[in-house]
Each structure stands twice: as C-alpha cells, then as structure tokens.
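This report concerns only the one structure given below.
Note that the coordinates shown come from a computational prediction; the quantities given were computed from them, not determined experimentally. Only this structure's heavy atoms are used, side chains among them; waters, hydrogens and symmetry mates stay out.
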Amino acid sequence: MIRSRRIAAMALGGAVALSSAVLAGPAHAAPVADTPVATVPLSSTVPTEVAYTWAGSSGFRYRLPEGSAPAQSADYPGVVPPAHAGPDDLSSGTDVITTVSGATVTQQHRSTGVTATVTVPSGQTYRAAAGWSVLTQDATGAPHVLRAAADGTTTDLPVTGLPSGAQLTGTFVTGGSVRRLAAVYTLDGTTGAGLVDLADGSFRTYLTAVGSSPQIVFNDRWVVNGNKAIRVDSAPGTAPDTITAPYLGEAQAVVGDQLLTANAMFLPGGATPELTAVSLTDDTARTLLAHSKGAYLPTPDGGALATAGPSSVDWHVYRVTPAEDGTATARKVLDVPAWQTVPDGLALAGGELLMYGNTTRVGGVYGFYAVPLDTTGRPTGLQSRRGPALAPTTCLGGDAACPQLEALGDGRVASLWTDAQGGEHVLVVGPDATTLVSVPTADAAGRIGTGTGRYVLYNGGTPGSQKVTTSRAAPRPARPRSTVPAPPPRSGASACGPPAARRAPSWRTT
C-alpha cells in the first residue's frame, strides 16, 4: 500500500503518473520507477463551465473560463459543412462569423473562409447581426438592415412596421434563425416585443405587456416569453397561447416545436437539474437531457447547444436539433475535460488508486476519490467519490507524513483527524459515497501503522501505545495492545498486478 509518507518529499501537482517497477532489492527497499503507464488526475467535482463565443451549422467556438487558454473550436461529428452561397441567400448565413471593428463589419463563412464586408453608414450604430444581415439604428432611433452587395457596396433597408410612437429599448435578441431577430420596444408605458424579418425589413409585434425584463426566445416557428407562446405564421391580431405544462427552469431556446427550459433556481428534494422540452403544440413536457445545467445557446440553424453529464468527469456539450415532426433530439458533440486540482495524499490497494484533496475549488471542502486500475496500472473507469465531504485534515507543523492515508483493500480508506480538543480519530470512508466511520483513539500525535479490511492499526503518540480499530457499520472503540511491529510485505506482493508479476507501483507528479 502507498501512503502519503511515501510521497511526502514530492511536489504534488494536479496529476500523478503511475508506473510498475521490478523490486530490485529487499522487500523494504524503495522501488525504482520505469516509464509511467498512465497519468491519473484528481479532478474537480464541479463541472467545467463552458462559455460559447459563436455557434453555426458546422461547429462552434468556446472558452473554458477556469483556465487562461484561448478560444477553441469544435466541429460537429459527421456533419457535412454547408456550402458557401452569400448575402443574397440568407439561409446560408447559418455558418457566418461576424467581427465588428468600428464601422466595418466582416462576415466570414466558416466552412469555406469566404468573406463579405458591411460598412455601417455615418450616423448609424451597429446593434446586432444574424447570418449575413446587420441591424443598425440611425440618429432618430429608427432601425435598418444592412447587407453586403455583390459589387462590394452595402445595401441599406429601413425597417418598417414598428407601431407609431414606439421606441426601441436597445434589447435585440439573435439566435434560432438567420432570417429573423427579436426587438423589444416601449409604447405608452408598456413593453412589447416582435420580430424583424431580415429579408424584407418588416417588423411585426407578437407579444405585448412582456414586462421590464423579457426573456425572448424564438425560431422560425415560434416566439416565446415566459409562459406565452405564439406561432410566427399566425394571423395578425392572434393572441398568444398560455403554456400550462409544468416545468422547472428558464427558457433557453426554441427548437422545432419544443421550448427548452433549464437552470431552475430551486429544485424539489431529490430532483436533479435537467433540460426539459416543452411541446408548444400539445403542452406536454419531457426530459431531453438529464443532469443538465450551466451553458445553453440557441444556434442560428434553429437548434441549440447544451451542457450535461452525470459528473464533472463525464461532462459534455450536446447539440440539440429539430426533427421533422417538430420534436427535438440531442447528440453529444464534445467531451469537456474536468478541471484538475491538487491531490494532498495518495493510497493504493485492491486495484484502486485513492486520492485525497479539495475538489470543489472552495476552501475547507475535502474528500476521497477512487479510480479503478487494471493489472498494468492503467485506469479502467472514471473517478468516483468515497465517503462524504470532509473538513481538511489537521496537520502538525513540520509533519511530512500528513495527511496519513491507508487503503484497506475493500473500497475503504482510513485517515487521521484531530478534533478541537486535540484528540485523534481514525476516520474510515467508503466503500460508497456517503459512509463515514469515526473511531476516537483517546490519544494524539499518532500514526496509522497499517490496515486491511475492517481493521486499522494505530500507533499512538503516547510511548508504547498501540491500538486496533474496527471500521464496519458498528465500530468498536480502539482496543489497546502491546506495541508490535507490522509484518513485512509478503514476497511477490504487488500493488499494481497479481503476486506472480512481482511488481510494485512507483509514483511521480506531472
């Protein structure tokens, strides 16, 4: 077994490299490491945040805010990139990346690299872009739709149809379409919202009395705010429908005939966060992605991006797309790496590497985590929790062997913890994510000698004090006995392979 005493002289990093080495000398000699067979990180239990910077019909760009790495790109697996058409074909704008610099708006088709340039006229101000179209406002507040022409000039299409006296609030919503964008206005003290048709520059009001902070989501079929939804192709004067299906969370996007909701502020006991698809045609709700929270983004091709996964080490970006029948489907398009943290201690037994550390990036929250290994020392599964969250281990100044860990070979791991009165306890966590047994030793400044299964040997700080604890569901008090040495390892014993392999692991940080 490997305890923190073995690694006390090492500068621990966010990962450890495991190798198997032949024992060249007596059983008590330190093993010599050969080439590592695997690198095993201790990963944060908080899912990595994903910040989307752009999304199109061929892929997307994103940042991982926890790090300092630049924006990264990801292609959708198995998707044929759309061919370039140009500003005269609005539908081809689903793969256009917009860059604004002063009065120059550069549009680049990601799949082909072809660019077009829109020049914002003097007196107008850039407000938003969708595909090949650029929305501006002039000095009077009137909106315009600009597009690049074939001869390199810029066409200017004034927007018509705003109610007389309406004043745009400056809230413009894109995503869900390259033919339309949403705009919010005030009129006579009330707030309304509608869509600008970017093809002909017409505006139509769909929702009135939307409140001071509307949450507008839309596609080419529906416009939704709160629990009100209306078809884009409904006759003028049609009142919106009321969504009555029960769901949790805020509106994130409309995909097909489905309203996607997530990121609930509160969840009932036992519930887990999810991405819910609410049908706008029959008012039913279903779970589209379980264990989903965090970042969502409507995409200009009528879909959406979402993050979901059962744990931080099994966390992904999904692409949600509409089906022909108006439902929505989700497909994994990116594996999101977990943020690595620093292990404070290591132990190895029973084909498992157990690591102890703070995995929440919040002070004072520690825990044990296990990674299963095969007989060569390679990981065979994902990191899983052992025991509940713990306070940090109390270490005496200059104690290089702290924290002390002892893997017991049955999924449990033991460590020492000091209470406020200075008394030491043998803590045993596992084999599941909630079980914790604490056995007081009635001593202090001690050491864990060894342990296996239900038993842990404790050498107390009091001279000649040695105690055995039992760590099953009904622990017994530590039982004193005469001090005796722990037996030496058996010949041929191995921590990363069967006894016949005669190999023991060695560690180094990366």
Side-chain angles (χ1 to χ4, degrees), residues 43 47-87 89-100 105-116 129-133 174-179 219-220 252-256 258 260 262 275 277 288-289 291-324 327-340 382:
S43 299
T48 301
E49 293 183 10
V50 178
Y52 303 113
T53 60
W54 174 85
S57 51
S58 67
F60 62 100
R61 290 179 175 177
Y62 66 99
R63 291 181 183 274
L64 303 180
E66 291 95 335
S68 58
Q72 304 176 60
S73 293
D75 294 324
Y76 299 133
V79 172
V80 177
H84 172 78
D89 181 6
L90 296 189
S91 63
S92 67
T94 57
D95 217 38
V96 167
I97 300 171
T98 299
T99 305
V100 182
V105 181
T106 303
Q107 302 165 318
Q108 182 182 42
H109 197 267
R110 180 178 186 262
S111 301
T112 63
V114 175
T115 61
W132 296 112
S133 304
T174 60
S177 172
V178 290
R179 181 184 172 90
N219 62 3
D220 286 327
Q252 304 296 337
V254 182
V255 177
Q258 311 287 307
L260 306 185
L275 181 64
L288 182 62
L289 283 173
H291 306 290
S292 180
K293 61 180 179 179
Y296 303 92
L297 180 70
T299 56
D301 57 356
L305 296 177
T307 49
S311 71
S312 62
V313 294
D314 195 5
W315 192 244
H316 315 279
V317 174
Y318 287 80
R319 185 189 185 194
V320 183
T321 54
E324 291 184 2
T327 60
T329 60
R331 180 186 180 190
K332 184 170 63 177
V333 294
L334 179 70
D335 298 327
V336 182
W339 192 248
Q340 294 184 15
L382 300 176

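Applying the side-chain hydrogen bond (donor to acceptor under 3.5 Å, both in side chains) rule to Ser311 yields no partners; only residues at least two apart in sequence or on another chain are considered. By the side chain to side chain contact (heavy atoms under 4.5 Å, CB included) test, Arg331 pairs with Pro77, sequence neighbours left out. Partners of Thr112 according to the side-chain hydrogen bond (donor to acceptor under 3.5 Å, both in side chains) rule, which considers only residues two or more places apart in sequence or in another chain, are His109. In this structure Ala85 satisfies the side chain to side chain contact (heavy atoms under 4.5 Å, CB included) test together with Asp89, Ser92, sequence neighbours excluded. Under the side-chain hydrogen bond (donor to acceptor under 3.5 Å, both in side chains) criterion, Gln72 pairs with Tyr62, not counting sequence neighbours. Partners of Pro81 under the side chain to side chain contact (heavy atoms under 4.5 Å, CB included) rule, at least two apart in sequence or in another chain, are Ser58, Ser111. With sequence neighbours left out, the side chain to side chain contact (heavy atoms under 4.5 Å, CB included) criterion links Ala328 to Val255, Gln258, Leu288, Val320. Annotation: salt bridge (charged side-chain N to carboxylate O under 4.0 Å, His left out) contacts of Asp95 (sequence neighbours excluded): none. Under the rule for a side-chain hydrogen bond (donor to acceptor under 3.5 Å, both in side chains), the partners of Arg179 that lie at least two apart in sequence or sit in another chain are Asp197.
Using a 4.5 Å heavy-atom threshold, the side chains of Thr53 and Arg63 count as touching. Counting only heavy atoms from C-beta outward, the side chains of Tyr318 and Leu289 approach each other to under 4.5 Å. Contact of the Thr307 side chain with the Thr48 side chain is not registered, since no non-hydrogen atoms from C-beta on lie closer than 4.5 Å.
The heavy-atom pair separating Ala74 from Leu334 by the smallest distance is CB-CD1, 4.4 Å.
Atoms OH and CG, on Tyr76 and Leu305 in that order, are 4.5 Å from each other to the nearest 0.5 Å. Atom-to-atom distance recorded for Phe60:CZ and Thr299:OG1 is 11.0 Å, nearest 0.5 angstrom.
Formation of a donor-acceptor pair under 3.5 Å by the Trp132 side chain with backbone atoms of Gly86 is found in this model.
Applying the salt bridge (Lys or Arg N to Asp or Glu O under 4.0 Å) rule to pairs touching residues 303-315 yields nothing, sequence neighbours excluded.
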